[in-house]
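A short write-up of the structure that comes next.
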Amino acid sequence: MPARRGAPPSRAAARRPGRLTAAVAAAVALSAPAALAPAGPAAARTVARDATDPPADRGPRGDFEGTVPLPRGRRIHVECRGTGTPTVVLVSGARGAADEWTHAADPAHPGAAPVPSASAVLPAVASFTRVCAYDRPGTTRFDDTRSPSTAVPQPTTAADGVADLRAVLAAAGEHGPYVLVGASWGAMITALAARAGDPRVAGLVTVDGASTHLRDTLTPAQWSDWTRKVDAMRGPEGLEVPDYTTSVAQIRAAPPLARPLPAVVLSSDEPWDLRVGDSGSTWPAWTAAQNRLAAELRARHVSDTDSGHGIGVEQPRTVTNAVREVVDRVRDGQQGPGRRAHAPPADGRDPHLRPTRPRDVPG
């Protein structure tokens, strides 16, 4: 799997050299406004816009791709397409840029880097609602180039991710309600954002997402080996390195969800392994954590995905169907697990894409 993303190995991950395993992290107890709340009038006035910035008014927004300014002179690359509400926000795995959602695996070239595709998650979701994806600091693209987002000191936590998510949406002029879609490490960020109590967070989709439950399902030896392996990936180049231990503590310190949200949990069904130490396979622990996450969110759990860890690029239609289901339920005012609003193909799988084999680099 690509070395840059934040979860276990998968096809998508296979082409990102600096990718990390996305497994467990939780978030810091933030106040409700701190999660996805707008930066506020005073903060907004301090943000200088340039020709690459989208409009900040509440009128119809067009497609946009460029960088937006954040506090302290930083900039973040963001791409938004489509119209409608709720706005879907796609949050990639560790070291994964926004192209994690605009590219798909090419079934004619198994193991090759994913390529731009109209069937990828972002363009597909843009056909029925507004959708945005962005590059966190220290992320890389499938062509191995670095994101233009300003680098920051590493490691990073789920709370850091929530703060940037909030700032990016405010700077880009995007508005709730939001359906948050988190892949691998990105699911740790969306978990904390949802717990912060912002009423604009209206739905969740996790894409083989990491969760705090891994802290309990991995053995103590596996957890220790894994966190040491991730920590060892720090380097002077500034690539993203998630701090899972701190993030788990942050999420567990945050209040539980104020209300059940429409949610779908997507889990890989092609075994992969974190490949840490000599303490045995981590696949059973990963699947157990996925089951616990689905129960915690009262979510519909889809485990027949015909995919490795990188479901978004391996089976983008499966992700798009889950997002559409949650979007429809948000529009209908539903809560809880619900039923599928739009059925996938008869076999439940994407007929156009077949999974590639994961690489040894976790996350």
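Remember, it's a predicted structure, so these values are computed and weren't measured experimentally.
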Residue pairs involving [range] (criterion disulfide bond (SG atoms under 2.5 Å apart); sequence neighbours excluded):
{"range": "residues 271-321", "answer": "none"}
{"range": "residues 246-281", "answer": "none"}
{"range": "residues 70-171", "answer": "Cys80-Cys132"}
{"range": "residues 133-251", "answer": "none"}

Taking all non-hydrogen atoms of both residues into account, name the closest pair between [X] and [Y] and its distance.
{"X": "Trp101", "Y": "Ala120", "answer": "O-CB, 3.5 Å"}
{"X": "Val330", "Y": "Pro86", "answer": "CG1-CG, 3.9 Å"}
{"X": "Ala105", "Y": "Pro114", "answer": "N-CB, 4.1 Å"}

Charged N to carboxylate O below 4.0 Å: is that the case for [X] and [Y]?
{"X": "Arg195", "Y": "Glu296", "value": "yes"}
{"X": "Arg317", "Y": "Asp306", "value": "no"}
{"X": "Arg300", "Y": "Glu325", "value": "yes"}
{"X": "Asp135", "Y": "Arg141", "value": "yes"}
{"X": "Asp225", "Y": "Arg228", "value": "yes"}

Can any side-chain N or O of [X] pair as donor or acceptor with the backbone N or O of [Y] at less than 3.5 Å?
{"X": "Ser127", "Y": "Ala124", "answer": "yes"}
{"X": "Arg75", "Y": "Thr67", "answer": "yes"}
{"X": "Lys229", "Y": "Ser224", "answer": "no"}
{"X": "Thr282", "Y": "Leu274", "answer": "yes"}
{"X": "Asp269", "Y": "Thr305", "answer": "yes"}
{"X": "Thr287", "Y": "Pro284", "answer": "yes"}
{"X": "Gln222", "Y": "Thr219", "answer": "yes"}
{"X": "Thr83", "Y": "Arg130", "answer": "no"}
{"X": "Asp243", "Y": "Thr246", "answer": "yes"}
{"X": "Arg292", "Y": "His213", "answer": "no"}

Worksheet entry | Which residues share a salt bridge (Lys or Arg N to Asp or Glu O under 4.0 Å) with Arg81, sequence neighbours left out | Glu79
Worksheet entry | Residue list, side chain to side chain contact (heavy atoms under 4.5 Å, CB included) with Asp160, at least two apart or on another chain | Thr156, Thr157
Rounded distance [0.5 Å steps], [atom1] in [X] versus [atom2] in [Y]:
{"X": "Asp328", "Y": "Thr129", "atom1": "CG", "atom2": "OG1", "answer": "9.5 Å"}
{"X": "Leu266", "Y": "Asp208", "atom1": "CG", "atom2": "CG", "answer": "8.5 Å"}
{"X": "Asn291", "Y": "His301", "atom1": "CG", "atom2": "NE2", "answer": "5.5 Å"}
{"X": "Glu240", "Y": "Met233", "atom1": "CD", "atom2": "CE", "answer": "11.0 Å"}
{"X": "Gln315", "Y": "Ser119", "atom1": "CD", "atom2": "OG", "answer": "10.0 Å"}
{"X": "Gln290", "Y": "Thr217", "atom1": "CD", "atom2": "OG1", "answer": "9.5 Å"}

Discussion item. Less than 6.0 angstrom separating the ring centers of Tyr244 and Trp185, yes or no?
Written reply: yes
Worksheet item: When the ring centroid of Trp226 is compared with that of Trp223, is the distance short of 6.0 Å?
Response: yes
Item to complete: In sequence, state the C-alpha distance, the side-chain angles, and the governing distance for Asp273 and Ser281, and then conclude on side-chain hydrogen bond (donor to acceptor under 3.5 Å, both in side chains).
Response: CA-CA 6 Å; Asp273 203 275; Ser281 172; 2.7 Å; yes
Worksheet item: Aromatic rings Phe142 and His103: how do their planes relate, parallel, tilted or perpendicular, breaks at 30° and 60°?
Response: tilted
Discussion item. Here's a test for you: under side-chain contact (heavy atoms from CB on, under 4.5 Å), which of Val168, Val91, Leu165, Val152 qualifies with Arg136?
Written reply: Val91
